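Treat the numbers as computed from the prediction; the structure is a model and nothing was measured. Each chain gets a letter, A, B and so on, in the order the sequences are listed, and its residues count up from 1.
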Amino acid sequence: MSKSYFENVFEVTKRIPVGRVTNYGAIADFLALGSARMVGWALNKSKHLNIPAHRVVNRKGELSGRNQFPHPQLMEQLLQSEGIEIVNNKVVDFKNLFWHPGWDLKQSDFITKVKK
DNA sequence: GTTTTGACGGTCT
DNA sequence: TAGACCGCCAAAA
């Protein structure tokens with residue numbers, strides 16, 4: 001198998017509950033990537049896939065990646081469609097809507113172990 | 001093979 | 001409390 005680290009990011013991202021959001025650091029920490037930047041980078045490739053990347057925001061709860069969507073408004077539109085309120089490109093009550101992968105997922109099933 | 005960039009996070013000032 | 005700097009790891013040029 002040896003999934004690439006971004007493959008793991010995709011799976012975790014797809015497991016984000018609807019109506020919930022997470023941040024790059026949470027995914028990075030969950031996968032023990034050690035760097036949130038890779039998560040954002042991995043999601044950058046997810047554009048052409050069916051990945052709910054709109055549920056991933058930065059630590060401030062801001063839709064930092066909206067600019068990478070086909071239409072910058074699409075990200076907040078999708079979030080609002082899931083019941084998440086967005087104001088000034090930020091998630092309202094982000095702290096309450098925040099979801100950590102480790103709450104429902106096990107590292108054992110995602111830890112990459114890539115290092116071919 | 002080396003350098004630069006990247007949808008970020010945490011800590012220091 | 002807010003702003004600035006440095007650090008993480010990998011892929012593309």
Worksheet entry | A/Asp29, A/Val9, A/Leu43 screened by side-chain contact (heavy atoms from CB on, under 4.5 Å) with A/Tyr24, the one that passes | A/Leu43

Which pairs, protein N/O on one side and nucleotides 5-7 of chain B N/O on the other, fall under 3.5 Å?
{"unit_1": "B/dA7", "atom_1": "OP1", "unit_2": "A/Asn44", "atom_2": "ND2", "d": "3.3"}
{"unit_1": "B/dA7", "atom_1": "N6", "unit_2": "A/Leu43", "atom_2": "O", "d": "3.1"}
{"unit_1": "B/dA7", "atom_1": "N3", "unit_2": "A/Tyr24", "atom_2": "OH", "d": "2.8"}

Worksheet item: Separation of A/Ile27 atom CD1 from C/dC9 atom P, in whole Å?
Response: 17 Å

Fill in: Whole-Å gap separating C1' (B/dG9) and CD (A/Glu62)
13 Å

Between the protein and nucleotides 10-13 of chain B, list the N/O to N/O atom pairs that are separated by less than 3.5 angstrom.
{"unit_1": "B/dG10", "atom_1": "OP2", "unit_2": "A/Arg59", "atom_2": "NE", "d": "2.9"}

Response to the item:
By side-chain contact (heavy atoms from CB on, under 4.5 Å), A/Leu105 pairs with (sequence neighbours left out) A/Val12, A/Arg15, A/Phe30, A/Trp99, A/Pro101, A/Phe110

Worksheet item: When you check the side-chain N and O atoms of A/Glu82 and A/His54, is any donor under 3.5 Å from an acceptor?
Response: yes

Side chains of [X] and [Y]: does their closest heavy-atom pair fall under 4.5 Å?
X	Y	value
A/Val92	A/Ile84	no
A/Lys45	A/Phe10	yes
A/Lys14	A/Ile51	yes

Discussion item. Check this for me: A/Asn88, atom CG, are more than 12 non-hydrogen atoms of other residues, nucleotides or ligands nearer than 6.0 Å?
Written reply: yes

Item to complete: Would you please test A/Leu63 and A/Phe69 for side chain to side chain contact (heavy atoms under 4.5 Å, CB included) and show each step?
Response: CA-CA 11 Å; A/Leu63 284 60; A/Phe69 279 74; over 6 Å; no

